[in-house]
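Input: a single structure, listed below in structure tokens.
All of these numbers come straight from a predicted model, not from anything done at the bench. Excluded from the calculations below are hydrogen atoms, water molecules and symmetry mates; all remaining heavy atoms, backbone and side chain alike, are included.
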Amino acid sequence: MLETAGPLAGGCGQRNYPAISRKQGVLVGGSPFACNSRWGRNMSVGEFEREQRRVAWGMGAALVTAIVVIAFGVGADRALGPIPFTQRVAFTIRADAFVILWLAAGIANVARMRFFSAQDIAGSSVARASEKVREARAILQNTLEQAMLAIGAHLIVAATFSQARMSIVALVCLFGVGRLLFWIGYRRGAAARAYGFGLTFYPSLMALVACAATIAVGSAA
């Protein structure tokens, strides 16, 4: 069964696919790219490799964007000076309301689609979901995963660094822009949503790595 929620996920839901056949020059299933609303069920080896390159470029661009934006946030924090721990944590919790809003939007989107669909209104436990609802659920699942990672990372940043207010603002802004672009690009294929996925994922990963390194050496920046 194939159903992925990350940047390589297609909008085709759960299906069984045969193995990849390179002898015939066609990819038939076996890859999240094969279940892609842009390409349909089958794509040539060349198309698959081109899509991989486009995903890599999108993810790379997201990483560069995240580094630049976070660097500005860190620089602004150094100019502002230290902030007491309780104020940092309180500020971070309030800022993460904008992260939770994206999760609420994903839940509302699934509910809206089910409400206006005769096939889906009874729920997925009664009938097989339509393609649009499966796509909405995949976006919601990915948003849930990313939101939990982001909120945890933001709180750890607030607990680790005495100068973190503008860094938190940068992380929350990157999350919001990334989710918007991921949502918009979802139906257009893996490459179209790779930048948005990376813009959501890489900032949280970078924040966690920075915190882990600081904790490991036993100091706070």
_Please report the interatomic distance CD1(Ile83) to OG(Ser162), rounded to the nearest 0.5 Å._
8.5 Å

_Tell me whether Ile67 shares a hydrophobic cluster with Val74, the cluster being built from Ile, Leu, Val, Met, Phe, Trp, Tyr side chains joined at under 4.5 Å._
yes

*Glu47 side chain to Ser44 main-chain N or O, any donor-acceptor pair under 3.5 Å?*
yes

*In terms of hydrophobic clustering (I, L, V, M, F, W, Y; side-chain heavy atoms under 4.5 Å; direct or indirect links), are Val64 and Met59 co-clustered?*
no

*Spell out, as yes or no, whether a donor-acceptor pair under 3.5 Å connects the side chain of Arg88 to the backbone of Ala158.*
yes

*Using the ring of each side chain (for Trp, its six-membered ring), is Phe182 parallel, tilted or perpendicular to Tyr186, with breaks at 30° and 60°?*
perpendicular

*asked:* Tell me the closest heavy-atom pair linking Ala192 and Gly185, and the distance in Å.
replied: CB-O, 3.4 Å

*asked:* With heavy-atom distances below 4.5 Å as the criterion, would you say the side chains of Leu174 and Thr200 are in contact?
replied: no

*Going from CD1 on Ile156 to CD1 on Ile151, what distance comes out if it is rounded to the nearest 0.5 angstrom?*
12.0 Å

*When rounded to the nearest 0.5 angstrom, what is the spacing between CZ in Phe175 and CG in Leu180?*
11.5 Å

_Asp96 side chain reached by Ile168 side chain, heavy atoms, under 4.5 Å_ = no

*Test item: Ser167 and Ile70 side chains (from C-beta on) under 4.5 Å apart, heavy atoms*: no

*Hey, are the side chains of Leu140 and Ile107 touching, using non-hydrogen atoms and a 4.5 Å cut-off?*
yes

*Looking only at non-hydrogen atoms, find the nearest pair between Met166 and Asp77 and report the distance.*
N-OD1, 2.7 Å

*List the atom of Asn109, the atom of Ala136, and the distance in Å for their closest heavy-atom pair.*
ND2-CB, 3.6 Å

*Side chain Arg54, main chain Ala191, donor-acceptor under 3.5 Å*: no

*When you check the side-chain N and O atoms of Asn142 and Arg137, is any donor under 3.5 Å from an acceptor?*
no

*Beyond-backbone contact of Gln146 with Phe201, side-chain heavy atoms, under 4.5 angstrom*: yes

*Got a salt bridge between Lys132 and Glu135, using NZ or NE/NH1/NH2 to carboxylate O under 4.0 Å?*
no

*Rounded to the nearest 0.5 Å, how far does CD of Glu145 lie from CG of Leu103?*
11.0 Å

_How close do Gly198 and Pro203 get, counting heavy atoms only, and between which atoms?_
O-CD, 3.6 Å

_For a 4.5 angstrom cut-off between non-hydrogen side-chain atoms, does Leu155 reach Ile93?_
yes

*Can you tell if the side chain of His154 reaches within under 4.5 Å of the side chain of Val172, non-hydrogen atoms only?*
yes

*Below 4.5 Å, heavy atoms only, C-beta onward: do Phe91 and Gln87 meet side chain to side chain?*
no

*Can you see which heavy atom on Gly196 is nearest to which on Leu181, and at what distance?*
CA-CB, 3.9 Å

*Same apolar cluster (I L V M F W Y, side chains within < 4.5 Å links), Trp102/Leu205*: yes

*Can you hop from Leu101 to Met148 via hydrophobic side chains spaced under 4.5 Å?*
yes

*Evaluate the side-chain hydrogen bond (donor to acceptor under 3.5 Å, both in side chains) criterion for residues Thr65 and Tyr202: first the C-alpha distance (whole Å), next the side-chain angles of each, then the deciding distance (0.1 Å), finally the verdict.*
CA-CA 10 Å; Thr65 303; Tyr202 283 136; over 6 Å; no

*Hey, any chance Trp57 and Phe197 share a hydrophobic cluster, counting ILVMFWY side chains that come within less than 4.5 Å of each other, even indirectly?*
no

*Locate the shortest heavy-atom distance separating Phe161 from Cys211; write the atom from each residue and the value.*
CE1-SG, 3.6 Å

